[in-house]
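Structure first, then comments.
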Amino acid sequence: MYYNQETEKVLKDFDVDPVRGLSSEEVSARLEKYGENQLTTQKKKTLLQLFFAQLNDPLIYILIVAALISGFTGEINEAVIITIVIVLNAVIGVAQESKAEKAMEALQKMSTPKAYVRRNGEIVEVNSKNIVPGDIIVLDAGRFIPCDLRLINSANLKVEESALTGESVPVDKDSTLVLNETDIALGDQKNMAFMSTLVTYGRGEGVAIGTGMETQIGKIAKMLEQNVDEQTPLQKKLGEIGKLLGIAALVICVLMFGIAVIQKRDLFEMFLTAISLAVAAIPEGLPAIVAIVLAIGVQKMVKHNAIVRKLPAVETLGSVNVVCSDKTGTLTQNKMTVTKFYANNSVKNSNEVNIEDPVERLLLENMILCNDATSNKESKTGDPTEIALLDLALNYGITKEGLNKEHIRNNELPFDSDRKLMSTINQYGDKHLIMTKGAIDNIIQISNNIYINGEIKPLTEDMKMNIMNASNAMSEDALRVLGFAYREVSTHEIEPEDIEKDLIVIGLVGMIDPPREEVKDSIETCKKAGITTIMITGDHKKTALAIAKELGIAKDESQSVSGVELDAISDEALVEKVKDLRVFARVSPEHKVRIVKAFKANGNIVSMTGDGVNDAPSLKAADIGVAMGITGTDVAKGAADMVLTDDNFSTIIKAVEEGRNIFANIKKSILFLLSCNIGEIVALFFAILLGWAAPLEPIHILWVNLITDTLPALSLGMDPGDPDVMKNKPRDAKESLFKGSLSFMIFNGVLIGLLTLAAFYIGAVEETGIHGIGALAPGVLKGDGLRHAQTMAFIVLSVSQLVHSLNLRSETKSIFTVGLFTNKYLLGAIAAGIFLQDIVITVPFLAKVFNVNDLIMNDWLIVSALAIVPLIANEIIKIFKRAKAKA
Ligand code: ATP
């Protein structure tokens, strides 16, 4: 228990100096001794468990039953092959699952929280898992607390402890308390802070008293159960389609079995054929392929600096048509430099500060004292706006360390994006000065005097006008403007609500924050892709508009609105008005939620960026919540669907492009597999219905579905992105997966089925010498003759499907325009498929198992001619499609 001890005692127990923190050597030693600061994860499933999990599937039951029946009835070849297929399928499943899991783990690692720690006398940011007992942790709003702490100082610190206590109202913390009781409930331990709870306000520091499993949350160890498998809408839809197909397969089987009984066929053979039809109807490889394509896509996005936290986001990204973006740091570089300042009623360049002048001197002192950043030669931490202020002062030889010692801070109100102000109270001899900085409009509202030429004068309307003119002039130059004010007080013990009032304005500074270079192009891309870019910022309307114009987001002032103006508009009116708006300035996080809702009410799919503690609601309200990886708080990241590791607007647009491509590729795989399945059903069902001999044996269909089809389907999933994908309008999220593709699928399925039957017929004619349907009668076509005809059908089925995969690469473009060699995986898959097919018929042992024979040259020619038909047919159809599109 540490809550009943003085901080000095706790620090001594942990042998740490609160100013310097631990040394690197000490950290290494303690890391060795106490282990990483992590909650141990759930036990992973063993490979064997994973393997058996794969077998738990109705389709596999059918196969197992088929294998058993085959075995008992002496069809050993059949039984062995089916068993091999079952095992192979499970092995592939296990491999895929562990790959996807590894990818997810890697992603989780990337988004593990970081913490500020004092080590070797400096504040550094470290991975939370490297924290050791005794570390001095620096807390600020928006950050998760990385381990259990005894607080050693605190300023208006509020912590939300619902993860631990269930209480969602933030608790006030106070490091100075010493609780002289025993058995105090966690929620009442106000001088302590616990792992996984969240700082919502204020600042503080604490010494780590427990890490990893030795924390309160570690003891409960409940955190990790949230690891639910998340399925995308597409995957869910596929699940439904799968069920439907399963039912269809059963119906077809029963039907076929009935027909066979009527036709007095060999019932055992028919049973196996019925099973093979069921196998034919269900695209077994599909769920795995979709999962892999999604996983690969997500990994690709990571390379482009976007971490997808929720899988469904990948799909939604493809339909986004409104991108709402923060300005500072996302559209701009967040590299602030003070260029101008205003004091004593005149605007000067930042290199012209006269530190002898009392007003300009106080302006500089305010910049440093009312500031939580650090900046020196070695490192810079904190808000870039504040770093810019420190850097300006450094130019005049004034350091934060020095000034802070002289004028100790003994009270403060931290910055928040609702007030848009920050204040500190500092010791000035036996007096205290309230130092406030923030949005100039807000500063003016809480001030009634101005410090000018060494004198305090009333802040008249004229004076206000002068200030606002100076501010507007800076804003129109795209400068971010910050106002500064102060007041003298006799004590620092002032109620928070009494701090920011009756202030004396000191002056303004203007800082540039240049737009990111790549953003202008991205916004151009958006326009072509039917995506509207919206700027949302806490900054001044004029500054925002100047940058928006520069970037091509807005053209004139009528497209911009401020938070105050928004307050005067009803939600209903806003729905109408947002259609014309592009820039939202001086908004608070609550406005962001209204803005998202208004855009959504117009049927848009909206992405919204956020970084602050209060941004979680708007991130959740958006279809795609995007958090900033660098400047974002843990809260924002936790609420987001996607995290940008570079905070860059262009990354969102790249992710949208990737999302569109992933969706297109998944669609290609699905359409390919389903059209192949239709082909198999057509071939089998018609043959049985018309009373012909079966053109394919179950083994053939299993082989094609599970081996030769899977490779091209996977390769289609890895198709390189369409360079024109961002020239199309976004996909309608409600639109069916098969929109415009149903006829394509059915046409190609029927075509493949007919080609297979044609090969079967040619083979039968060759063998029986009978020209006409009579050649296919079960009584006529049997033994070696049947084997040959089936071989022809088997080869045409698999090779025509392999060739057909090329048709999927583009709906309208010729394969030669797309580039035959642009998807090497696919070419490899086709080559491998044909090679395997050849092996099956030429290696005697395999030929025996598959009940096929080798083909002579002439047969190969016939088979090749038939197999290439789908490509020719689709190329011709595409010519018409293109002509129609042009017209
Ligand atoms: P965006 O929402 O695009 O990131 P922003 O960073 O300008 O914009 P906020 O951080 O909410 O939005 O800042 C809003 C306003 O508050 C700024 O224009 C500035 O006037 C003021 N401000 C920003 N940072 C501070 C700070 N550290 N201390 C005092 N005032 C600040």
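When a ligand or atom number is given, it counts from 1 through the structure's own listing order. The figures that follow rest on heavy atoms only: side chains count, while hydrogens, waters and symmetry mates do not.
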Q. Looking only at side chains, do Asp567 and His591 share a donor and an acceptor under 3.5 Å apart?
A. yes
The answer, listing residues by chain and number that come under 4.0 Å of ligand 1 through any heavy atom, is Asp326, Lys327, Thr328, Asp383, Glu386, Phe415, Ser417, Lys420, Met422, Lys437, Gly438, Ala439, Arg480, Val481, Leu482, Ile536, Thr537, Gly538, Asp539, Arg586
Flag the pair [X] / [Y] as yes when at least one side-chain heavy-atom distance between them is below 4.5 Å, and no otherwise.
| X | Y | answer |
| --- | --- | --- |
| Glu386 | Leu390 | no |
| Ile506 | Tyr486 | yes |
| Glu360 | Asn344 | yes |
| Val505 | Ile467 | yes |

Closest non-hydrogen contact found for Ala193 with Ile145 is CB-CD1, 3.6 Å
